[in-house]
Amino acid sequence: MENELKDDPCSSEEAFSEKPKKMKAKAKGKTKSQREGKEKTHRKMKASEEEIMETEGSGDRRSHVNVKEEPKEDPDFVTEKKGKKRKRKADNTDGLLSSAEAPLPKKKKKKVADGQENASTAKQKKMKEKKEKVKKEEGERPVSTKKKKTKEEIEAARALKIKKKEEEEKQRWRWWEEEKYENGIKWKFLEHKGPYFPPAYQPLPDDVKFYYNGEPVKLSLPAEEVALYFAQMLDHEYTTKEVFRNNFFKDWRKEMTLEERQLIMDLKKCDFGELHAMHKEKVEARKNLSKEEKLVNKEANQKIVDEYGFCVLDHHRERIGNFKIEPPGLFRGRGDHPKQGMLKKRIRPEDVIINCSKESRIPEAPAGHKWKEVRHDKTVTWLASWTENVQGSCKYVMLNANSKLKGEKDWEKYEVARKLKTCVDAIRTQYQEDLKSKQMGTRQRAVALYFIDKLALRAGNEKEEGETADTVGCCSLRVEHITLHDALDDQKCVVEFDFLGKDCIRYYNKVPVTKRVFKNLKLFMENKQGGDDLFDRLNTASLNKHLSSLMPGLTAKVFRTYNASITLQQQLKELSNMKDNVPEKLLSYNRANRAVAVLCNHQRAPPKSFDQSMANLQAKIDSRKEQLDLAKKELKQAKKEAKGSSDNKLLVVVEKKKKAVQRCEEQLLKMEVQATDREENKQIALSTSKLNYLDPRISVAWCKNMEVPLDKIYNKTLRDKFAWAVDMTELDFVF
DNA sequence: GCTGGAACTTAGGATGATGACA
DNA sequence: TGTCATCATCCTAAGTTCCAGC
């Protein structure tokens, strides 16, 4: 290795003579909470041991071994780390909003111990009595109050459903058959009702009290509202975290009156028990509503959706994605977010900017209020926006994923990714060459690109220290995030990655790389400490600038889309078999999908009831096996009895038993396939890649070719979102 | 070339709705 | 019919990219 380094055309001295673009970070110790956060995310990484990558070779990219193994104690966590990053604008939490609001029905106190009934049990009793009355009137016949549907009625319902579907299809805006606007124009006419505001806060009932130091304290409304936000979260782990509690307490005190502030000095002395109980009761009561009451609520919600959930865009009615203003509450940042627990303030119309056509009916602000601004910008897609107080970022009301604006952008995204296919070989050749460059910056860019291409890493923008959790992507990787192994598990030049990526999801992977990459990494790490940037002469802007010079529209993100889609296509080709039955074909599809999810590191927390549900399924499988054995025995017996006999009855029995065996076998297979699929999916989220990275035309074409109904892999939302692909994809589509 | 903000996509968890099964 | 599991949808945080202004 040393010799290789000597022979390297890029001597360290020469290469480092360039001025580093990024300042070296100063060492800083990791906090305990950071350490705990990272340890916690380890649970997410136990997932599949499945390795779906090809071996590295000429032109092969997917060569790493994606080993997700139980992590060992990370010594880095107790050593020093370095910080970097820019200082940011001051937070504006001081812009105090008062009006504490949020709906709360009057408390119905439930004292089961005292023998009192709660509302829901009373209601159930009433229903029961009603039913019994019906029974009596009908002469004590044990009949159901629900009328059984006749065959004709079932048929009619089915026909209605088909008709509705056809109607929907007829009404669908086939925007993909129209010309696109130019010069950044997104729409020509836009009309909407403005966003929907959450209801005002309803004060606590008199019998629900907050206690401080054991004494009841009547809080002012603003303080009471914020106290309730905390009380509602008491069952959540958040409220046990020191950072969350401190941030909450600090912001809560800002909402208090002077007197309250002087009295309430210690969060530990606060008792939110009654508030918490009231909240739980409310949730429980909501769950126990009768069918009729639920229907009333549903209709009320539908009314809101009908009124606020749609807009008119260029003469077409389009669904809005998030027409509701985010309600106030406590900020739930992911991982070890330094701002978790801060108060997310109530948004008023005076904070909201409306965007619509000049010639449209301008939405009216709620009574007694006015909008911050009304503008008519046709070059953007948002309908309303506001700035949130915790991070100072903009929030937007935008259209639903099935809208023209979103669909067009999505289609374009996959077309750019397909375009990459035509030049990816040249780009790979180029960055392989760049690994030998005399310029350190060029070498770093080449290695980063190698990772982005091979491992589907995100670009990794720089982040501001203290503003967000400590997460990284490719360009922002630090020395402490990788470990180099000359040899590991019979493989040479292995890079071990261990870092927190987007949403604090841990990325852990051991990847064999080419000698040249390995050697470069050693070079980049020379004379650096754990907290220093691995790629100190690279940032996402310069990387993307370079990429766009290689292909118009090419950015780091495109590689993720391209590699996800091409992997799906390859895997489907490899795994699918026309002779399989539908459940087996679906298992193949899911496995291909899973390969992508593993590549993109899409993880989820295992469902809470996972073990129990697997045990239940296994029990069912065992029981079905017993049934099958029994059915087989019966078939054997029936055959024996029918042998040599011309009695038609006996032959019928044999046929019957044969069918029973067949049915049992089919059910057993289905269950076994389901168990395998579920187990393999335990910690892998398939939906993210399906929704964002996989060209839908690959899936549509696969369904057509494999004769699998599309609704087996795409639910209604996905079919709507990808209507353009469903409509235009032919059997022979190739990504 | 750097910085910060605007505009947009991507992401996992929470919640509500629906379906399967005893 | 009630319960439980699963699926679909909602919610909003956390990314990426682009661009204007210096």
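Just so we're on the same page: letters track the sequence lines, and every chain starts at 1. Values below: every heavy atom of this structure, side chains too, minus hydrogens, waters and symmetry copies.
Put simply, the side chain of A:N355 gets close to the backbone of A:D377: a donor and an acceptor are under 3.5 Å apart. Side-chain N or O atoms of A:R560 include one that pairs as donor or acceptor with a backbone N or O of A:A456 at under 3.5 Å.
In this structure A:D235 satisfies the side-chain hydrogen bond (donor to acceptor under 3.5 Å, both in side chains) test together with A:H276, sequence neighbours excluded. Here A:E415 pairs with A:R418, A:R697 under the side-chain hydrogen bond (donor to acceptor under 3.5 Å, both in side chains) rule; sequence neighbours left out. Qualifying side-chain hydrogen bond (donor to acceptor under 3.5 Å, both in side chains) partners for A:T468, counting only residues two or more places apart in sequence or in other chains: A:K463. With sequence neighbours excluded, the residues that form a side chain to side chain contact (heavy atoms under 4.5 Å, CB included) with A:E307 are A:K193. Considering only residues two or more places apart in sequence or on other chains, A:D711 meets the side chain to side chain contact (heavy atoms under 4.5 Å, CB included) condition with A:P709, A:R719. The ring-ring contact (aromatic ring centres under 6.0 Å, His included) test applied to A:Y414 returns no partner, not counting sequence neighbours. Checked against ring-ring contact (aromatic ring centres under 6.0 Å, His included), A:Y714 has the following partners two or more places apart in sequence or in another chain: A:F722. For A:N590, the side-chain hydrogen bond (donor to acceptor under 3.5 Å, both in side chains) partners are A:D677, not counting sequence neighbours.
Phosphate contact (OP1/OP2 of B:dT10, side-chain N/O of A:H602, threshold under 4.0 Å): absent. Regarding contacts with the backbone of C:dA14, every side-chain N or O of A:R332 stays at 4.0 angstrom or more from both OP1 and OP2. Contact check, A:Y693 against B:dA11: a side-chain N or O comes under 4.0 Å of OP1 or OP2. Put simply, A:R506 has no side-chain N or O that comes within less than 4.0 Å of OP1 or OP2 on B:dG12. For the OP1/OP2 pair of B:dG1 and a distance below 4.0 Å, the side-chain nitrogens and oxygens of A:K545 include at least one atom meeting the criterion. The side chain of A:Q391 places no N or O atom within less than 4.0 Å of a non-bridging phosphate oxygen (OP1 or OP2) of C:dA13. In terms of phosphate contacts, A:H236 brings no side-chain nitrogen or oxygen within less than 4.0 Å of OP1 or OP2 of B:dG13. Taking 4.0 angstrom as the limit, A:K186 places none of its side-chain polar atoms (N or O) nearer than this to OP1 or OP2 of B:dA7.
The distance from atom CD1 of A:I505 to atom P of B:dG12 is 6 Å, rounded to the nearest whole Å. As a whole-Å value, the separation of A:K413 NZ from B:dA7 P is 21 Å. Distance A:E408 CD to B:dT9 P: 12 Å, rounded to the nearest Å. Note: CG (A:L500) to C1' (B:dA11) measures 15 Å, nearest angstrom. Residue A:L295 contributes atom CG, which lies 11 Å from atom P of B:dA17 at whole-angstrom precision. Taking atom CG of A:N601 as the reference point, atom P of C:dA14 lies 17 Å away to the nearest angstrom. Whole-Å rounding puts the A:N322 CG to B:dA7 C1' distance at 13 Å. The interatomic distance linking A:Y238 (OH) with C:dA13 (C1') rounds to 9 Å, in whole Å.
A:E467 CD to A:Q391 CD: the interatomic distance, rounded to the nearest 0.5 Å, is 7.5 Å.
Both A:R286 and A:A541 lie close to DNA chain B; mapped to their nearest nucleotides by heavy-atom distance, the more 5′-ward contact belongs to A:A541. When the nearest nucleotides of DNA chain B are assigned to A:C394 and A:K409 by heavy-atom distance, the more 5′-ward of the two goes with A:C394. Judged by closest nucleotide on DNA chain C, A:L718 is the one of A:L718 and A:L330 placed further toward the 5' end.
Note on the helix from B:dG1-C:dC22 to B:dA22-C:dT1: angle between the axes of the first and last five pairs equals 10°, rounded to 10 degrees.
A:D306 and A:K303 are not joined by a salt bridge, as no carboxylate oxygen comes within less than 4.0 angstrom of a charged side-chain nitrogen. A:E408 has no carboxylate O lying under 4.0 Å from a charged side-chain N of A:K180, or vice versa, which leaves the two without a salt bridge.
Here the nucleotide nearest the side chain of A:A605, chosen from B:dG13, B:dA11, B:dC8, is B:dG13. Distance from the side chain of A:K406 is smallest for B:dT9 among the nucleotides B:dC8, C:dT12, B:dT9.
The residue A:R319 sits close only to the backbone: its heavy atoms come under 4.0 Å of sugar-phosphate atoms, none of a base. As judged by a 4.0 angstrom heavy-atom cut-off over every strand, A:K344 is placed among residues touching the sugar-phosphate backbone only. Within 4.0 Å of A:F331, counting heavy atoms only, lie sugar-phosphate atoms of the nucleic acid but no base atom.
For A:S403 and A:N400, the side-chain atoms include no donor-acceptor pair closer than 3.5 Å.
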Give each protein N/O atom lying under 3.5 Å from an N/O atom of nucleotides 4-7 of chain C, with the pair distance.
unit_1: C:dT6; atom_1: OP1; unit_2: A:S613; atom_2: OG; d: 3.3
unit_1: C:dT6; atom_1: OP1; unit_2: A:R678; atom_2: NE; d: 3.2
unit_1: C:dT6; atom_1: OP1; unit_2: A:R678; atom_2: NH1; d: 2.6
unit_1: C:dT6; atom_1: OP1; unit_2: A:R678; atom_2: NH2; d: 2.8
unit_1: C:dT6; atom_1: OP2; unit_2: A:S613; atom_2: OG; d: 3.4

Collect all protein-nucleotide pairs involving nucleotides 15-20 of chain C in which both atoms are nitrogen or oxygen and the distance is under 3.5 Å.
unit_1: C:dG15; atom_1: OP1; unit_2: A:T471; atom_2: OG1; d: 2.8
unit_1: C:dG15; atom_1: OP1; unit_2: A:D503; atom_2: N; d: 3.2
unit_1: C:dG15; atom_1: OP2; unit_2: A:K463; atom_2: NZ; d: 3.1
unit_1: C:dT16; atom_1: OP1; unit_2: A:A459; atom_2: N; d: 3.2
unit_1: C:dT16; atom_1: OP1; unit_2: A:G460; atom_2: N; d: 2.7
unit_1: C:dT16; atom_1: OP2; unit_2: A:N461; atom_2: N; d: 3.0
unit_1: C:dT16; atom_1: OP2; unit_2: A:N461; atom_2: ND2; d: 2.9
unit_1: C:dT17; atom_1: OP1; unit_2: A:T555; atom_2: OG1; d: 2.8
unit_1: C:dT17; atom_1: OP1; unit_2: A:A556; atom_2: N; d: 3.4
unit_1: C:dT17; atom_1: OP1; unit_2: A:K557; atom_2: N; d: 2.7
unit_1: C:dT17; atom_1: OP2; unit_2: A:N544; atom_2: ND2; d: 2.9

Pairs under 3.5 Å (N/O, protein and nucleotides 18-22 of chain B):
none

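For A:K690 and A:Y589, the positive end is not near the middle of the six-membered ring at less than 6.0 Å and at most 45° from its axis.
Taking every heavy atom of both residues into account, A:G466 and A:P338 meet most closely at O-CG, 3.2 Å.
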